[in-house]
Amino acid sequence: MPAAAHPRRSDEGLTVAAVALSVLLGVLMVAGVPDATTAPARGSAATSVPAGVQFDRLTSNNLKLGDPLLLDVTTAPSATTWLLASFGEGPTVIGGYVLALSPAWFVLRDATPADLSGKSSFQLPVPWDVGLLGLEFTVQTAVLRPWPPPITLSNPVSLKVGTTWTQGAVSVALVRQTATAAGLPDPAAQADALANALLFQGHDVAVFDDAIPADLRLYDVLFDCRFTTVPTQAEQETLTRFLVQNGGAFLLCGPWDACPEGQLRAYWITGYLAGVLGLNVGVFPGGTASGAGTEWVSGLSDPTYLGAAFPVAGIPFEVSQEGGHFGAPGAASVGSPWIVGPGPGGTVAYGMLFRAEAIAAETVGGRLAILFSGGPDALGGPGNPFASWAFENLARWLDR
């Protein structure tokens, strides 16, 4: 954690009102809850939710000094929501409810109606106060639906107060692969080159070897720069939790030819996209279909990405020894092509960008980028001199 930094966007104070439990329950009772103790409990494996109850989802960006805390609730149309918070975690049992909050919880925002689409959004200013660094918070939403009346609870979001060195910087957790593989002589050096490029561009970068760290709350984005490693189940759960709560992630894959490990990672990405995130996009086997030096950043990419820091539409980006591709640009019904170039039967997308709203199986707060490329300069180098521009824009685009 840096010892000192400068505020990123706001110096306004974060104001929270400590409200007694009896006050909140009284408000909810007046709002039409006949008996809070009989409502279905949420947030505990020991309780159950009746079939048909819609789950409420809470997403957030990361909690940074001087940076607004953004909280979005997805629930039923015209429901009423309360933002609840505590220092640390629970659980706390209140009547029939099991909260993920500690017993000394408080109301962060009072009763707020969702719009007709079931969305509520909150922006809370965070002060530039270094005394807050490292504090851990849990936020959860209580929801009163128009019908039926019982209250439900959203998923909890766990936050830890962090910061960045400079204004506008993105805090990146970069995972590198230390083991070599067929067609992949020095993956760690590639990851180090990208980390140094991002540092040079002003971002905060922490490098981790061979595994996604279990706690990503201090980071805005995750760059998983492993070419052939298949994440463990625990890593996958950490990645999913990061996407759901607050973070954006980049996943790399390659090479393919004569490299069973690269093929296994490609299969894992395919299964993760479809089976966990509900992103129904076709992933096709790669190998040596790409032509080195002939690929480029697609002008059909997300416009926010294309203008994030540098104008990057059309810049060359080398792809080789790719572990797969997504077919022709525009073939996928979700997402936007990112890195494209010649391939089987014409132009294909070797990289794709997915906004949070495209992820169907989870209500997430983070964005996702995938790139199939496994050559010696996939992450930057003499053969791919513009890669740092593309990844600089990616870090900013992934950051919510």
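The aromatic ring centres of Phe317 and Phe386 sit 6.0 Å or more apart.
A pairwise comparison of heavy atoms in Thr138 and Leu101 identifies O-CD2, 3.4 Å as the closest pair. Shown here for Ala100 and Gln140, the closest heavy-atom pair between the two residues is N-OE1, 2.9 Å. Of all heavy-atom pairs spanning Val319 and Ser373, the tightest one is CA-OG, 3.6 Å.
Side-chain N or O atoms of Asn393 include one that pairs as donor or acceptor with a backbone N or O of Phe310 at under 3.5 Å.
With a 6.0 Å cutoff to the six-membered ring centre and a 45° limit on the axis angle, Arg109 does not count as a cation-pi contact of Trp82.
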Could you go through Phe223 and Leu251, starting from their C-alpha distance and side-chain angles, then the distance that decides it, and tell me whether this counts as side chain to side chain contact (heavy atoms under 4.5 Å, CB included)? CA-CA 7 Å; Phe223 273 46; Leu251 302 178; over 6 Å; no
Could you walk me through whether Arg226 and Glu261 pass the salt bridge (Lys or Arg N to Asp or Glu O under 4.0 Å) test, one step at a time? CA-CA 11 Å; Arg226 295 174 294 178; Glu261 298 92 344; over 6 Å; no
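Between Arg241 and Glu237 no salt bridge is recorded (no basic side-chain N to carboxylate O distance below 4.0 Å). The pair Lys119-Asp72 fails the salt-bridge criterion, with no side-chain N (NZ, NE, NH1 or NH2) lying under 4.0 Å from an Asp/Glu carboxylate O.
With no hydrogens or angles considered, no side-chain donor-acceptor pair links Arg355 and Ser336 at under 3.5 Å.
Residue Phe372 is tested with Phe326, Tyr350, Trp338 for a ring-ring contact (aromatic ring centres under 6.0 Å, His included); the sole match is Phe326.
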